[in-house]
Amino acid sequence: MAVSLSKTFLSINRHLHDHHALSFSGIGRSKSMEFATRSPRIPRVMSKTSESLSSIIHELQLERRAKKLEEEYVEAGTQQQETRLADVWREIHGQEDWVGMLDPMDPLLRSELIRYGEMAQATYDAFDFDPFSKYCGSCRFTRREFFDALGMAQHGYHISRYLFATSNINLPNFFKKSRWPKVWSKNANWIGYVAVSDDETSRRLGRRDITIAWRGTVTRLEWIADLMDYLKPISSNKIPCPDSTIKVESGFLDLYTDKDMDCRYCKFSAREQILTEVKRLLELYRDEEISITITGHSLGSALAILSAYDIVETGLNVLNDCRAVPVSVFSFSGPRVGNVRFKERLNSLGVKVLRVVNVHDIVPKSPGLFFNENASPMVMKLAEGLPWCYCHVGVELALDHTHSPFLKQTGDLSCAHNLEAHLHLLDGYHGKGKRFVLASGRDPALVNKASDFLKDHYLVPPYWRQDENKGMVRSKDGRWMQPERPILDEHHHPDDIHHQLQQLGLASGY
């Protein structure tokens, strides 16, 4: 018995050294039963039972200690990974233009791209697209419940402000309006939000992160035809710019700068909403390390690039102690925004842009179908003054949906444009020519949330995400009705917005 126990303890010690949890209570019990049946003498049985119980207790204590050591080891590993993210966040956000991080794909960069992509996806999941809803065109959730309602509480952000734009612009396939006469707003659409990382997340990230997420177009691609497809000077819409040859697409510029004085949501332009909120947050967290990260998909990507340019061109990101807050854009399936002079100016200002695209998507190929960055330098020089000569900005990460074994071949162009499909491709991308393997195991079913892109044998229905009973609820008297949403009162602009606009030199006309 003594020999058996000594061997057992030697084995336990070896396993503890390797930080593995063990369970030896079964050994103790079997030995107790074995020795009890061998000896008919009661004193001997009691002696062995006592000895066996003592070994069981000791083994349980060792097991608890081993489990605790294992948990500490896992926690230490997690802390090490988090520390690394805090140490390299500037590289993740393009300090070195992502050199050496895209091929092979840096795991931390991949996870951060997916995280910001999910924040852009949230603008679709929260948007009311239903033309039979009197709240069509608005956000379905309050700011306080936004991330919880979408199952994204783990992201560790809170919404500081919602963003609105006037629908009086000629982009009918971007704006959504209700068919009912009584609606929440006749001229406004919710187009995104500003969010800030909480204290715990800020410690993990290594800085306080201000994120701006712009809504784009979820499935339909007709909005491309809505583009006026001609460039105009960015300074023509009162955005400061030292060079009149720096131009952007006119529809994007109007969407960003237009306002409707008769609409309480669009009394201030999207530009004014963004600049005043970023200014307020930079003043609030001025004693901390801060980053500004802007993300968007499709048309939202264009707004992300335009607002990033605006923040840096106005000098808003420079704090009172002369520190320049880095401004980065993570763009998904975005169109071209401006001409080559716009690209050059963006580079000189230090705005970092990483564009994630699917090579089969038509949106990143427009506008500027013929005259763009892929043309020869001589052709671009000759076409430089033309109002339809465009150039992509930043660094491109090109993905290919045919490399995913989960996705089927389809003639539906909107599938290649789908944001959830882009996040799926990111999760499986490890570098050019490398095998497609999901790094985080992100659920492929998400791809079919608003598309029909997964192969049928995965048994995931297309367009599966929908509101129960189309949002209808039964009232106390048994009648079905659309519930009232207690969200609109909190959408008023902040009380100090006029003061912020005055400090930015934008208060004229109010």
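Here the structure is a predicted model, which means the values were calculated and not measured. The figures here come from the full heavy-atom set of this structure, side chains too, leaving out hydrogens, waters and symmetry mates.
Heavy atoms from other residues, nucleotides or ligands lying under 6.0 Å from CZ of F370 number 12 at most.
Applying the side-chain contact (heavy atoms from CB on, under 4.5 Å) criterion to P405, with sequence neighbours excluded, gives F436. Applying the salt bridge (charged side-chain N to carboxylate O under 4.0 Å, His left out) criterion to D130, with sequence neighbours excluded, gives no partner residue. For R90, the salt bridge (charged side-chain N to carboxylate O under 4.0 Å, His left out) partners two or more places apart in sequence, or in a different chain, are E289. With sequence neighbours excluded, no residue satisfies salt bridge (charged side-chain N to carboxylate O under 4.0 Å, His left out) with E91. Checked against salt bridge (charged side-chain N to carboxylate O under 4.0 Å, His left out), E468 has no partners two or more places apart in sequence or in another chain. In terms of the side-chain contact (heavy atoms from CB on, under 4.5 Å) criterion, residue partners of D199 (sequence neighbours excluded) are, by chain and number, R203, R208.
Sorted by first and then second residue, the ring pair (Phe, Tyr, Trp, His ring centres under 6.0 Å) pairs with a member in residues 347-368 read H360-H401; sequence neighbours excluded. Within the structure, the salt bridge (charged side-chain N to carboxylate O under 4.0 Å, His left out) test picks out the following pairs touching residues 405-423 (sequence neighbours left out): K408-D452, K408-D456, E420-R442, E420-K449. The salt bridge (charged side-chain N to carboxylate O under 4.0 Å, His left out) analysis of residues 428-440, with sequence neighbours excluded, yields no pairs. Sorted by first and then second residue, the salt bridge (charged side-chain N to carboxylate O under 4.0 Å, His left out) pairs involving residues 149-159 (not counting sequence neighbours) form an empty list.
Screening V329, L163, V327, L303 for a side chain to side chain contact (heavy atoms under 4.5 Å, CB included) involving I212 leaves a single residue, L163.
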Item checked: E283 and R280: CA distance, side-chain angles, deciding distance, salt bridge (charged side-chain N to carboxylate O under 4.0 Å, His left out) verdict -> CA-CA 5 Å; E283 291 174 351; R280 185 186 73 83; over 6 Å; no

Check: Do E145 and R140 pass the salt bridge (charged side-chain N to carboxylate O under 4.0 Å, His left out) test, and can you show the C-alpha distance, the side-chain angles, and the key distance before you say yes or no?
Finding: CA-CA 10 Å; E145 69 177 353; R140 298 189 293 120; over 6 Å; no

Checklist line | Step-by-step ring pair (Phe, Tyr, Trp, His ring centres under 6.0 Å) determination, H158 to F146 | finding: CA-CA 8 Å; H158 66 269; F146 186 88; over 10 Å; no

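Annotation for G300 and W214: closest pair O-CB, 3.4 Å, computed over non-hydrogen atoms.
Side-chain atoms of H93 and S291 form no donor-acceptor pair, as typed in the model, at a separation below 3.5 Å. Side-chain polar atoms of S440 and D427 form a donor-acceptor pair below 3.5 angstrom.
Contact check for H392 versus N372: no side-chain heavy atoms found under the 4.5 Å cut-off. Between Q121 and L446, every side-chain heavy-atom pair lies at or beyond the 4.5 Å cut-off. Put simply, the side chain of S298 reaches to within 4.5 Å of the side chain of Y124, judged on heavy atoms. Counting only heavy atoms from C-beta outward, the side chains of L425 and H403 never approach each other to under 4.5 Å. Under the 4.5 Å side-chain criterion, counting only non-hydrogen atoms from C-beta, E112 is in contact with L205.
With rounding to the nearest 0.5 Å, the separation of CG in L113 from CG in L108 is 11.0 Å.
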Below 3.5 Å, can you tabulate the donor-acceptor pairs from side chains in residues 348-356 to any protein atom, sequence neighbours excluded?
from	atom 1	to	atom 2	distance (Å)
S348	OG	R345	O	2.8
K352	NZ	D97	OD1	3.0
R355	NE	V393	O	2.7
R355	NH1	E396	OE1	3.2
R355	NH2	E396	OE1	3.3

Using distance only, find each side-chain donor-acceptor pair of residues 148-157 under 3.5 Å and give its atom names and separation, not counting sequence neighbours.
from	atom 1	to	atom 2	distance (Å)
H155	NE2	E118	OE1	3.1
Y157	OH	R115	NH1	3.0
Y157	OH	D209	OD2	2.6

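In this structure, R204 does not pair ionically with E200, as no charged nitrogen and carboxylate oxygen lie closer than 4.0 Å.
Using a 30° and 60° split on the angle between ring planes, W190 and Y162 fall in the perpendicular class, above 60°.
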